[in-house]
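Worksheet: one structure, shown below.
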Amino acid sequence: MESEPLTLQLFIGTADDRLLRPHAFYQVHRITGKTVSTPSHEALHTNTKILEIPLLPENNMRAIIDCAGILKLRNSDIELRKGETDIGRKNTRVRMVFRVHINQNTGRTVSLQASSNPIECSQRSAQELPLVDKRSLETCPALGGERMRIDGHNFQHDSKVVFVEKAQGKTGGVLDS
DNA sequence: AGAGGAAAATAA
DNA sequence: TTATTTTCCTCT
């Protein structure tokens, strides 16, 4: 079957439990430069930007998506606009959504959509690891039976600490968020 | 121009 | 105050 050129649309979608929809606080950002191999671009609108990338038969209908970035909008700006009910605070996860509309000879159009895994866009959330400030015990019997109190940051109050054997004679605690 | 980091500014 | 966001700065 011979293929016709198609247009791949790319936009930034939500990543919460509700159904996939355009993310109000993020937009795709078209980036250019000599490191960008995909000559494709094109930005369209409807309150959410959409990158359009040509998929050509000569490229085996493939495209390297190195021309898309994710731009964060200022929360207050978005929350201001009428109709928007969501709040941006702590809503920092997105998914890249791809879709193509294929015109059939029958006159019908088939649309296909795929989305990426969630992407954490918050500098803080993305890189802060659990940090232990102090422990009430430095050592204790391997059999356990003692209580250790751990103070720190970036982990929940109900986090579990699992001790595993890392190497001969050495043990380490693993913080399980 | 961007990517990464980090300081400065705000929100809760 | 702490948590989180936004602005700034630097290195490629």
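Just so we're on the same page: letters track the sequence lines, and every chain starts at 1.
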Between protein and nucleic acid, restricted to nucleotides 6-10 of chain C and to nitrogen or oxygen atoms under 3.5 Å apart, what atom pairs and distances do you find?
from, atom 1, to, atom 2, distance (Å)
C:dT6, OP1, A:N75, N, 2.7
C:dT6, OP2, A:K72, NZ, 2.6
C:dT7, OP1, A:R74, NE, 3.2
C:dT7, OP1, A:R74, NH2, 2.8

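Between the CG atom of A:L71 and the P atom of B:dG2 there is a distance of 11 Å, given to the nearest Å. Here B:dA1 presents its P atom at 9 Å from NE2 of A:H29, a figure rounded to the nearest Å. Here B:dA3 presents its C1' atom at 15 Å from CD1 of A:I119, a figure rounded to the nearest Å. Distance CD1 (A:I87) to P (C:dT5): 10 Å, rounded to an integer number of Å. Atoms NZ (A:K90) and P (C:dT2) sit 16 Å apart, rounded to a whole Å.
Atom CD in A:E84 sits 7.5 Å away from atom CD1 in A:I78 (nearest 0.5 Å).
Of all heavy-atom pairs spanning A:R89 and A:E79, the tightest one is N-OE2, 4.2 Å. The minimum heavy-atom distance linking A:F25 with A:D86 is given by the pair CZ-O, 3.6 Å.
Stem list for DNA chain B (at least 3 consecutive Watson-Crick or G-U pairs, distances under 3.5 Å): B:1-12 with C:1-12.
Counting heavy-atom neighbours within 6.0 Å of A:L19 CG, excluding the residue itself, gives a total of 12 or less.
With respect to A:R95 and A:D16, no salt bridge is recorded, no charged nitrogen being found less than 4.0 Å from a carboxylate O.
Donor-acceptor pairing under 3.5 Å is recorded for the side chains of A:N47 and A:R81.
Among residues two or more places apart in sequence or in another chain, the side chain to side chain contact (heavy atoms under 4.5 Å, CB included) test is passed with A:L55 by A:L6, A:L8, A:M61, A:A63, A:V100.
You'll find the side chain of A:P141 reaches within 4.5 Å of the side chain of A:E146, heavy atoms only.
In this structure, A:T92 does not reach the C:dT5 phosphate: none of its side-chain N or O atoms is under 4.0 Å from OP1 or OP2.
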